[in-house]
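Written below as structure tokens is the structure these notes are about.
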Amino acid sequence: MTAVMPDAKLLGEDIDRVDGPIKVTGAARYPADVTYPGLAHAALTQSAIAAGTIRSIDSRDAQAAPGVLTVITHQNCPPLADGPVTPLGPSPRFPLKDNRIVHHGQHVAIVVANTHEQAIAAARLVRIDYEETSPVLGIDNPKAPVSRNPWRMDSGRGDIRAALAAAEVTYDERFTTPAETNNPIGLFATVARWNGDHLVVHDSTQWPMMARKALAAVFAIPEDNVRVLVPYLGGGFGAGLRTWPHVILAALAARLAGRPVKLVLTRPQMFSSTGHRPQTSQLLRLGAGPDGQLAAIDHEATSTVGAEEATVEPVTVVTPLAYACPNVATHDRQVRLNIPNPGWMRAPGKTQGNFALESALDELSYTLGIDPVELRLRNYAEHNPQSGQPWSSKALRECYRIGAQRFGWADRDPAIGSMRDGRWLVGYGMAGVTFGGFSGPCRASITISRNGIACVRSAATDIGTGTYTIVAQLAAELLGLGTSQVCVEIGDSDLPLAPQSGGSGLATALSSAIYDAAGNLLRAFLGLAAGDDQSPLHGRRPGEVTATRGRIHLAGDPSAGQAYTDVLARHGLVQLSADGETNPSANGGMAPAGAFAARFAEVRIDEDLGLLRVTRIVSAVDAGRILNEKLARSQIIGATVMGIGMTLFEETVFDPVTGRIANATLADYLIPVSADIPDLDVVFVGEPDTSNPIGIKGLGEIGIVGVAAAIANAVYHATGRRIRSLPITVEQLLGAPGAAWARISERSAAGPPAPVPAARQAPAAATWRSGQTPSSDPGRNCHGGF
Ligand code: MOS
């Protein structure tokens, strides 16, 4: 018997978060809330230079400060093994390995004291004498080493050179995106406690199994000796996908202090210690026919990485999958700088890559006079264009159609600067989104006990996305229970293996494992009942039964059955358990599709002030089967807000001389506030996916992708200003310093002093060149269109 979904009553229902009440009442324990008797507190001392060595370090004053238990620096740090190579690269370089400094804000000491305040005060007393060298900073720095990214994601099909040379129109432009920093509201925290050679760590991780692996490797103890707990996390967005050095330092501090230790990062330390979205520079060369058919996509991306780190920003990873283009080449390169190591931030790489590709397509639509939606439909990838395999599901066409309908795309006057509302220029823009599928191996177990409660267990995490709730809904559905009869135990590395809550892959992996476990558990119950000659299910086989209302019964006759609790009682059992697993490597010849989306944005721009307001965004999303529309909508809305942040505000600024992050506070690092966020309409289209039994396609990240391009495209429609560099600031909208904002009315009046916007002087020629062979000019300025 496979687990069946009898009446699909609970799945898809907008039930509230099952963990909502304990979160809003403060009962949920986040890593920073954990305490132990005898808990000591740690604080970090960070490097004030970006490159060089520590000539000497004097921790005597810190050590002598009130309440201080121990101060650990590279001088007294015991040797530790390197962390393991993970799917996301090795653990970051351990900062106390030696006296070298590779970035500003590198941890150089950890101080442990009786109280938090004592630790912070003492951390300031650690005196360091540096031998400073000139840091390598700036993505364009010729001194910076450049390499292919270690994932070797360069890909290709067809003959890109020939296709570009032969194309009717070609395009050759550069896009840039800044560094950005995840700002989960929950400050990352680690509480570590040793018991002999056993280590328990409460940590803000999105991947307990990986944290366990890393800690076991570093401290050279068996993985079974390490337990990582994270029942609740105050946001992750990718910042929790690596076992960062501070986690290892906290565990080391606990070991050396002989006490449980808590370390909570400060907000500025979050900027330097838990990764950031790296800066990128992308060169996009395209060729197309007069009908808008793409002939060539050549996408080269450069992203920044730390001086001695290995992580990867997959900027071009989705490019080969997005359109039915016969000739595609992608190149992902890395520039090594003395910056805190980047990490992953919601839709890493994909969201920047989409900005470039979908902006370029918008430009093509103006060049050829083809509606932007129509242009995308002409290049629709019916099959996975890289592998040729059929998609496991794809409703992107419906996303375009329904999204356009809800948005009112048909009302758009395609002429630039043609729509206005009083003093505001109005622009409509759109973008398509192909996300790509990911899933990992996962296990789950389910136990039904004499009290009728089913408990689902897996080492997955809920990073605020709603895992607890969808697991409860799914298990209830599969086992014929109410959600209040399901308990969910996750966020513990001692539980059955689960992949990271990341890459939009957990819901698919975990639900597949639960499906398998539920089927096995139903079979186990039926096995008992079928062998019991007193049972109404005596002799029955899996295909004949189903489960509803806490009972297993004949599919056609709910009265002919037995409650789970009766089966347990009759057989003298306290509980019955079953395990389940999924290993997504076998995909049956299908290309796991991942989610798709179409985004439509409306902007209003004040001509005089360069004010830009995003006034509407419609997101039509194909995420397969939606388990809980309320939560799914929350994911898309939250990610769209993050997308607005990426487009209009966010930028992590590295001081070009010192390498210090100049805006590492929530006062200086701009993120949207409620007043920046308009009505966000979300509609789900699409059918259950065929690559997994429940039909899910993860949607944790897709909500951010396409926002930047849709807004930038709307800005172009309103103003004729093509923005290829994020964020879109007032300065960019007003053009080069000193230049006046040209009113549409002035421009059409052809008054000599008004600068002529590129759009008015044949926007096509500015970027798409007929019959020209594209050149590679890395120095091309992204503001060249003004
Ligand atoms: Mo996300 S960057 O996969 O947490």
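Order of listing sets the numbers, starting from 1, for every ligand and every atom in it.
- A heavy-atom distance below 4.5 Å is found between the side chains of Thr351 and Arg277.
- A pairwise comparison of heavy atoms in Ser493 and Ala459 identifies CA-CB, 4.1 Å as the closest pair.
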N/O donor to acceptor pairs below 3.5 angstrom from side-chain atoms of residues 462-471, sequence neighbours left out:
| unit_1 | atom_1 | unit_2 | atom_2 | d |
| --- | --- | --- | --- | --- |
| Asp462 | OD1 | Gly464 | N | 2.8 |
| Asp462 | OD1 | Thr465 | N | 3.1 |
| Asp462 | OD1 | Gly466 | N | 3.1 |
| Asp462 | OD2 | Thr467 | N | 2.8 |
| Asp462 | OD2 | Tyr468 | N | 3.0 |
| Thr467 | OG1 | Thr461 | O | 3.3 |
| Tyr468 | OH | Pro231 | O | 2.8 |
| Thr469 | OG1 | Val18 | N | 3.0 |

Measure from every N or O atom of ligand 1 to the protein's N or O atoms and keep only the pairs below 3.5 Å, writing each with atom names and distance to 0.1 Å.
| unit_1 | atom_1 | unit_2 | atom_2 | d |
| --- | --- | --- | --- | --- |
| ligand 1 | 3 (O) | Gly503 | N | 2.4 |
| ligand 1 | 3 (O) | Glu701 | OE2 | 3.1 |
| ligand 1 | 4 (O) | Gln206 | NE2 | 2.8 |
| ligand 1 | 4 (O) | Gly238 | N | 3.0 |

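- Residues that satisfy the ring-ring contact (aromatic ring centres under 6.0 Å, His included) test with Phe435, not counting sequence neighbours, are absent from this structure.
- For Pro184, the side chain to side chain contact (heavy atoms under 4.5 Å, CB included) partners are Asn182, Phe188, Phe237, Met270, not counting sequence neighbours.
- By the 4.5 Å heavy-atom criterion applied to side chains, Glu701 and Ser504 are counted as neighbours.
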